Amino acid sequence: MPKLIKNRAVVTDEWTLIREANELVDLASQAGNNLIVPLSVWQECKDELLARDSKTAVWLNSNELPEQLATDLSRLDLVALNFPVFSDGRSYSSARELRATYKYNGEIRAIGDVLIDQLFYMNRCGFDAFDLRDDQNVERALTAFDDFHEGYQASIDRPVPLFRRRA
């Protein structure tokens, strides 16, 4: 099974990521699998997905907003936020919004074009799981969380800004 980083440790991924709605032709064929489905599939098949014995999570593209899941967050153990390209930072804001506005305590996973260089910043915004791009070394990535010792701005992981901590 694939590996990912969760809570600063390398773990086996227990979820199946469904990238396209047509991959989910028959829910019965996915029996026993924890599924991460696109928002469009969740909106179309929510009742069927919730009736399964396995867990279901939703992934949002960077152009989809967390408010589209607001009423369903209590049912989801995981929300995945997609980075279609590493330079698209909209999912950083979505992670922060899930944690700060919606008080979401479940797993927030970064998927897509996720690079080692981004992990420190993603963690500050509320991500706690990272499905790195295939060419990234998962073991080496663990050191990225300690690339910097301080952040000036307030963040999810450190709500008091540096100037207030030093006062």
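For clarity, every value in this text was computed on a predicted model and none was experimentally measured. Counting from 1, the numbers follow the sequence of the chain as shown.
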If I take atom [atom1] from residue [X] and atom [atom2] from residue [Y], how far apart are they, to the nearest 0.5 angstrom?
X      : Y      : atom1 : atom2 : answer
Arg140 : Ile116 : CZ    : CD1   : 4.0 Å
Ile111 : Leu17  : CD1   : CG    : 5.0 Å
Ser74  : Lys103 : OG    : NZ    : 16.0 Å
Ile108 : Ile156 : CD1   : CD1   : 8.0 Å
Asn105 : Leu73  : CG    : CG    : 10.5 Å
Gln118 : Asp147 : CD    : CG    : 12.0 Å

Give a yes or no on whether the backbone of [Y] and the side-chain of [X] come within a donor-acceptor separation of less than 3.5 Å.
X      : Y      : value
Arg52  : Asn33  : yes
Gln136 : Arg133 : no
Trp59  : Ile18  : yes
Asp113 : Phe83  : no

When clusters are formed by joining ILVMFWY residues with side-chain heavy atoms under 4.5 Å apart, either directly or through shared neighbours, do [X] and [Y] land in the same one?
X      : Y      : result
Val11  : Phe145 : no
Leu4   : Val37  : no
Phe120 : Leu115 : no
Phe127 : Val10  : yes
Phe86  : Met122 : no

Q | Partner residues of Asp53 under the salt bridge (Lys or Arg N to Asp or Glu O under 4.0 Å) criterion, sequence neighbours left out | A | none
Q. Can you name the nearest heavy-atom pair linking Ala57 to Leu76, along with the distance?
A.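 Nearest heavy atoms, Ala57 then Leu76: CA-CD2, 4.2 Å.
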Q: Can you see which heavy atom on Pro84 is nearest to which on Asn82, and at what distance?
A: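 Here Pro84 and Asn82 meet closest at CD-O, 3.4 Å.
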Q | Flag if over 12 foreign heavy atoms under 6.0 Å of NZ, Lys46 | A | yes
Q) More than 12 non-hydrogen atoms from neighbouring residues, nucleotides or ligands closer than 6.0 Å to CD on Gln43, yes or no? A) yes
A side-chain contact here means heavy atoms from C-beta on lying under 4.5 Å apart; do [X] and [Y] qualify?
X      : Y      : value
Asp72  : Val58  : no
Asn123 : Arg8   : yes
Trp42  : Leu50  : yes
Leu35  : Val41  : no
Ile5   : Leu142 : yes
Thr12  : Lys3   : yes

Q.
Taking ring-ring contact (aromatic ring centres under 6.0 Å, His included) as the definition, give me every residue that meets it alongside Tyr102, ordered by chain and number, with sequence neighbours left out.
A. none
Q | Qualifying side-chain hydrogen bond (donor to acceptor under 3.5 Å, both in side chains) pairs, either residue in residues 84-100, two or more places apart | A | Ser62-Asp88, Ser62-Arg90, Asp88-Arg90, Arg99-Asp128
